[in-house]
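This report concerns only the one structure given below.
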Amino acid sequence: MTQERHEPADADLASFCHGEHRRLVGLLALYVGDEATAQELAQDAFARLCEHWDRVCRMTNRRAWLNRVALNLARSWFRRRSAERRAQRRHGPDVQIEESQPADVLAVRGAVAALPPRQRTALVLRYYADLPVADVAAHMGCAEGTVRALTHRAIGALRERAGLFDYEEAHREA
Amino acid sequence: MKPDIATLLMDTTPDQVPPLDLERAIRRGRRHRIAKRAGGGTAGLAVVAAVALIAVAPARGPSVGVTDPVASDGTSVSPSDRGVETPSSDMKAARAAWDHLTLQEAVDRLIALSAQAPDIELPPPDGQALRTHSLYLTQESGVDQENGIVDEGIDTWSLLEDVEMSDRGGVGWSQSARATTTRPAGTVDRAETRELAVELRPEQLGERFRIGEGTPVDVDWGGDYDEQAVTIVEQFDPGQWQGLVATEEPDTAKWRNFEFFGHTLMDTTARIDLLELLTRAHGVRYEGVVPDLAGRPAIAFSVPYRPSDTDGADAVRDWLLLSPDDASPVGTERFDSRGEHVEGGSRTLLDAELVPFDPSSVQELPAWKLSTPPEEASG
């Protein structure tokens, strides 16, 4: 039987996980629009991290790996949710989950979560994860110009949707 | 003054989050690692139950092929003649051969070859007929002027969502999930096809090739899969459609039978066994190990040329040979039930003799990276 490796928790692993947890929950909350789900997805992502820590610990950018896995999980969550919502529509009203978050936070999350997936991904990675355009492009497997176009459209949509931010500055940035 | 976009987004970061349960994450990661080492060993009763649903249901559309495969020299290589009693009896070896392929690699190729799906008619409860294509490739639209391959991918779940809402000629494209990529013929760019992961070659693109029922999504990155799903739609009874989604998830792989238009199905958890799934649902059949032109072992699967042929006397099956090293196609052939080669295969095998398949020899092939046989994988 192969001896398990992470018992007790690797100090480096623990440090990385705890250091990234809050940020990752925030990123996922933006992406899925729901903090409780974000916490679950973050837990899933960290489970993946633990599973692959032997490999990830040697990476120069562990955070990028974690971001990617987390967003993959989030996309899967959206798929599952679509089926669940259809079922709910047939069998009863949607369950409304009350969130104890400020209204503006909920508004921003809702607006971001309503964006098309690729726009959302580009926006969150560019402006929340603060990745350079090149890194976002590498993450998404597309050209840098595509990332700029996606973020531009995302920002435009957010402006129309919420008008919550300094559009001119964001427009110049994008 | 309004904040800039970055500040606006960063301000949504929760002030406090429940502490991360790192030990739980470690345990889950460990379980997942063990499960992957075990390969198909954790295949549970739930899978059997799920697959049995397919087996016992009235066959509709693509069905399970039951005809004997034949060799190019005309000799029968039916399972019994090859020393394999039934397809199920060599399932263990098949599963072992399968395990060393990454799930995604195996899925996208087999799905690509397994589909000659008719347009799927989805009759919702209100009687409004809808038609959907989950992933659609035809010769006319699938090959561009440079003979590259254009594929259009749809996240099947999103598609199903959209089918109900679509008014675009009855075709339920999901614009947000739609992706179109072009790449040179015969190549696959893992980075580019991260969400589609379908490889087809020009010779495979004909009128008969249309991917309509299975769409691998969310494939891996970095050489290790994170999540894949394949959706297969089968009609069990007139007016009732069921979707099977096999999803590899952190702790377990799930068979998720979900609801189609009011028909609520089972939802169970088990280990994926895509081989069984594809064998039963799409007529994809594991044939054994055959040598390629260079004499190297290749994993052979076959698929009916046309779903309707599976019940006919002149059934034609395409054989697909995959490299045991990387699951890349190393050859295709097409045979009819009399053992006659049928034009249409790439004939990369030419006259290579098909050797009888001996399951016990599988593990003696040094080039194979076989995973732990199911019985030994107790976790």
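Note that the structure is predicted; figures quoted are calculated from it, not measured. Per chain, numbering begins at 1; letters A, B, ... match sequence-line order.
When every heavy atom of A:Val105 is checked against every heavy atom of B:Asp11, the shortest pair comes out as CG2-O, 4.0 Å. A:Gly26 and B:Pro14 get closest at one heavy-atom pair: CA-CD, 3.7 Å. Contact detail for A:Cys17 and B:Leu22: the closest heavy-atom pair is SG-CD1, 3.6 Å. Residue B:Leu20 comes nearest to A:Gln43 through the heavy atom pair CD1-OE1, 3.4 Å, listed as atom of the first residue, atom of the second, then distance.
Rounding to the nearest 0.5 angstrom, the gap separating the OH atom in A:Tyr128 from the OG1 atom in B:Thr12 is 5.5 Å. The OG1 atom of A:Thr151 sits 10.0 Å away from atom CD1 of B:Ile5, with the distance rounded to the nearest 0.5 Å.
Legend: salt bridge (Lys or Arg N to Asp or Glu O under 4.0 Å) pairs involving residues 127-141 of chain A, not counting sequence neighbours: none detected.
Checked against side-chain contact (heavy atoms from CB on, under 4.5 Å), A:Ser15 has no partners two or more places apart in sequence or in another chain.
Looking only at side-chain heavy atoms (C-beta outward), B:Thr13 and A:Arg23 stay at 4.5 Å or farther from each other. No side-chain heavy atom of A:Val124 sits less than 4.5 Å from a side-chain heavy atom of B:Leu9.
Of the listed residues A:Leu30, A:Leu123, A:Val112, the one with more heavy-atom pairs under 4.5 angstrom with chain B than any other is A:Leu30. Taking chain B as the reference chain and counting heavy-atom pairs below 4.5 Å, the highest number among A:Gln119, A:His18, A:Arg22 is found for A:Arg22.
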